[in-house]
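A quick write-up on the structure given underneath.
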Amino acid sequence: MPERSSYDHGTPSWIDLMTPDTDGAKAFYGELFGWTAKDMDGPDGEYIYTNLYKDEKLVCGMGPLNDDMADMPPAWTSYINVDDAEQVAKSVEAAGGQVLMPVMQVMEEGTMALFTDPAGAAFGVWQPANHKGAGIVNEPDTYSWNELMSRDIDASKAFYTQVFGWEYDEMDMETMTYSVVKGGHEDEGRAGLMPMPAEIPEQVPSYWGVYFTVADADATVARAKELGGSVMFGPDDTPVGRLAAIVDPQGGNFSIMQPSEPSKG
């Protein structure tokens with residue numbers, strides 16, 4: 001079923017957007033995907049985060065890029081569910097990764113940390129407490145896939161194997177090999193890894209991208225444009241469905257996929 005109440009260790013479980021304009025982003029994604037927003041305040045009453053819901057089920061989150069993050073671009077971050085964030089942090093450093101944000105407890109919700117892999121891609125880990133991760137996935141207008149584009153794919157694969165024990169199913173494509181992390185719901189895969197395409201400008205670093213499932217990719221692209229977004233590519237037909245990459249009005253990029261066949265959830 002697409003509704004989730006838990007995730008295995010080593011499985012991506014959450015995504016969030018850091019953006020300089022949370023009000024604008026809430027309006028854009030709310031109109032595009034039908035999400036509703038619920039803001040969270042810190043102990044001092046200051047706004048700190050927004051949870052986003054589809055039909056009252058938790059989909060993803062967003063937060064503000066504060067003044068001390070002014071040099072950071074808007075971006076979606078992928079979080080990998082873990083049993084012990086402190087132990088994973090040690091494994092990350094031993095495997096050649098770097099700590100961006102050390103392990104910290106987030107109120108009563110859980111424990112998080114942010115890292116980069118040896119190729120420079122940023123990702124987070126989440127050790128759940130009250131917050132278990134996305135409550136619904138793989139349905140139209142919800143999050144469905146995490147994909148690494150790496151400038152050193154061999155180093156990245158070895159790193160994630162050492163840190164999370166990932167193993168890969170290799171798919172030979174026309175121009176590259178796509179690696180699907182084994183496991184996941186109904187063994188459909190946990191995530192995907194691929195070499196950075198040659199057409200991507202050199203200044204773009206390795207990164208983890210996120211996908212949202214949609215019922216109609218062409219209609220979603222048209223609506224995104226109406227709302228002030230732009231399109232990086234697509235919609236294009238692929239073996240797995242009709243894909244497009246979109247940039248929101250604040251500069252955050254994400255992908256959409258209209259599956260070639262109904263999702264199993």
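What's counted below: heavy atoms across the whole structure, side chains too, no hydrogens, waters or symmetry copies.
Linking ILVMFWY side-chain heavy atoms closer than 4.5 Å, directly or via other members, places Tyr49 and Val106 in a single hydrophobic cluster. Linking Ile, Leu, Val, Met, Phe, Trp and Tyr whenever their side-chain heavy atoms come within less than 4.5 Å leaves Val103 and Met101 in two separate clusters. Tyr47 and Met107 sit in two unconnected hydrophobic clusters of ILVMFWY residues. Membership requires side-chain heavy atoms under 4.5 Å apart, directly or through other members.
Nearest heavy-atom pair, Lys157 versus Glu170, reported as atom, atom and distance to 0.1 Å: NZ-OE2, 2.6 Å. When all heavy atoms of Pro140 and Ala215 are compared, the pair lying nearest together is CB-N, 4.1 Å. Counting all heavy atoms, side chain and backbone alike, Leu17 lies closest to Gly252 at CD1-CA, 4.5 Å. Residue Pro20 comes nearest to Pro74 through the heavy atom pair CD-CG, 3.6 Å, listed as atom of the first residue, atom of the second, then distance. The two residues Ala134 and Val137 come nearest to each other via the heavy atoms CB-CG1, 3.8 Å. Closest non-hydrogen pair, Leu32 versus Ala224, comes out as CD1-N, 3.7 Å.
Judged by the 6.0 Å distance and 45° axis criteria, Lys26 is not positioned over the aromatic ring of Tyr53.
Residues Pro197 and Met149 have side chains in contact (heavy-atom distance under 4.5 Å, counting atoms from C-beta outward). Put simply, the side chain of Ile256 reaches to within 4.5 Å of the side chain of Ile246, judged on heavy atoms. Under the 4.5 Å side-chain criterion, counting only non-hydrogen atoms from C-beta, His131 is in contact with Leu58. Looking only at side-chain heavy atoms (C-beta outward), Leu65 and Thr19 stay at 4.5 Å or farther from each other. Side chains of Asn81 and Asp8 form no contact here, defined as non-hydrogen atoms less than 4.5 Å apart. Considering only heavy atoms from C-beta on, Trp126 stays 4.5 Å or farther from Thr111 through its side chain. The shortest side-chain heavy-atom distance between Asp16 and Met62 does not fall under the 4.5 Å cut-off. Between Arg223 and Glu31, some side-chain heavy-atom pair lies under the 4.5 Å cut-off.
Checking each of Tyr29, Trp14, Trp145 against Trp76 for a ring-ring contact (aromatic ring centres under 6.0 Å, His included) leaves exactly one that passes, namely Tyr29.
For Ser206 and Arg151, the side-chain atoms include no donor-acceptor pair closer than 3.5 Å. Counted by atom type alone, Thr50 and Asp39 present one or more donor-acceptor pairs between their side chains at under 3.5 Å. With hydrogens and angles left out, the side-chain atoms of Glu147 and Tyr178 include a donor and acceptor closer than 3.5 Å.
Separation of atoms CD (Gln250) and CG (Asp21) is listed at 5.0 Å; rounding is to 0.5 Å. In this structure, Asp248 CG and Leu227 CG are separated by 11.0 Å, a value rounded to the nearest 0.5 Å. To the nearest 0.5 Å, the span separating OG1 on Thr142 from CD on Glu3 amounts to 10.5 Å. Remark: Thr213 OG1 to Gln258 CD distance equals 10.0 Å, nearest 0.5 Å. Taking CG of Asn51 as the reference point, atom CH2 of Trp35 lies at 12.0 Å (rounded to 0.5 Å). Rounding to the nearest 0.5 angstrom, the gap separating the CE atom in Met194 from the OG atom in Ser156 is 12.5 Å.
Within a 6.0 Å radius of NZ in Lys182, other residues, nucleotides and ligands contribute more than 12 heavy atoms. For Glu46, the CD atom counts as loosely surrounded, since its 6.0 Å shell holds 12 or fewer non-hydrogen atoms of other residues, nucleotides or ligands.
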- Let me see the working for Leu114 and Thr77 under side-chain contact (heavy atoms from CB on, under 4.5 Å), right down to the final yes or no. CA-CA 9 Å; Leu114 295 174; Thr77 299; 4.1 Å; yes

- Stepwise side-chain contact (heavy atoms from CB on, under 4.5 Å) test for Ile136 and Arg4: CA-CA 6 Å; Ile136 185 170; Arg4 303 287 172 84; over 6 Å; no

- Query: Hey, mind stepping through Lys132 and Tyr7 against side-chain contact (heavy atoms from CB on, under 4.5 Å) and telling me if it holds?
  - Reply: CA-CA 8 Å; Lys132 307 301 183 185; Tyr7 292 83; 5.6 Å; no

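At least one donor-acceptor pair closer than 3.5 Å links the side chain of Gln127 to the backbone N or O of Ala85. At distances below 3.5 Å, not a single donor-acceptor pair connects side-chain atoms of Thr177 with backbone N or O atoms of Met173.
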Pair up each side-chain donor or acceptor in residues 228-236 with any protein partner under 3.5 Å, not counting sequence neighbours, and list the distances.
none

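Relative ring orientation between Phe212 and Phe33 is described as tilted, the plane-to-plane angle lying within the 30° to 60° band.
The side chain to side chain donor-acceptor pair (under 3.5 Å) test applied to Asn146 returns Ser78, Tyr143, not counting sequence neighbours.
A salt bridge is absent between Asp216 and Arg242; no separation between the charged side-chain nitrogens and carboxylate oxygens falls under 4.0 Å.
Side-chain heavy-atom separations under 4.5 angstrom define the hydrophobic clusters, and the remaining members of the one that includes Val99 are Ile80, Val82, Val88, Val92, Phe115, Phe123, Val125, Leu148, Ile153, Phe159, Tyr160, Val163, Phe164, Trp166, Tyr168, Val181, Leu193, Trp208.
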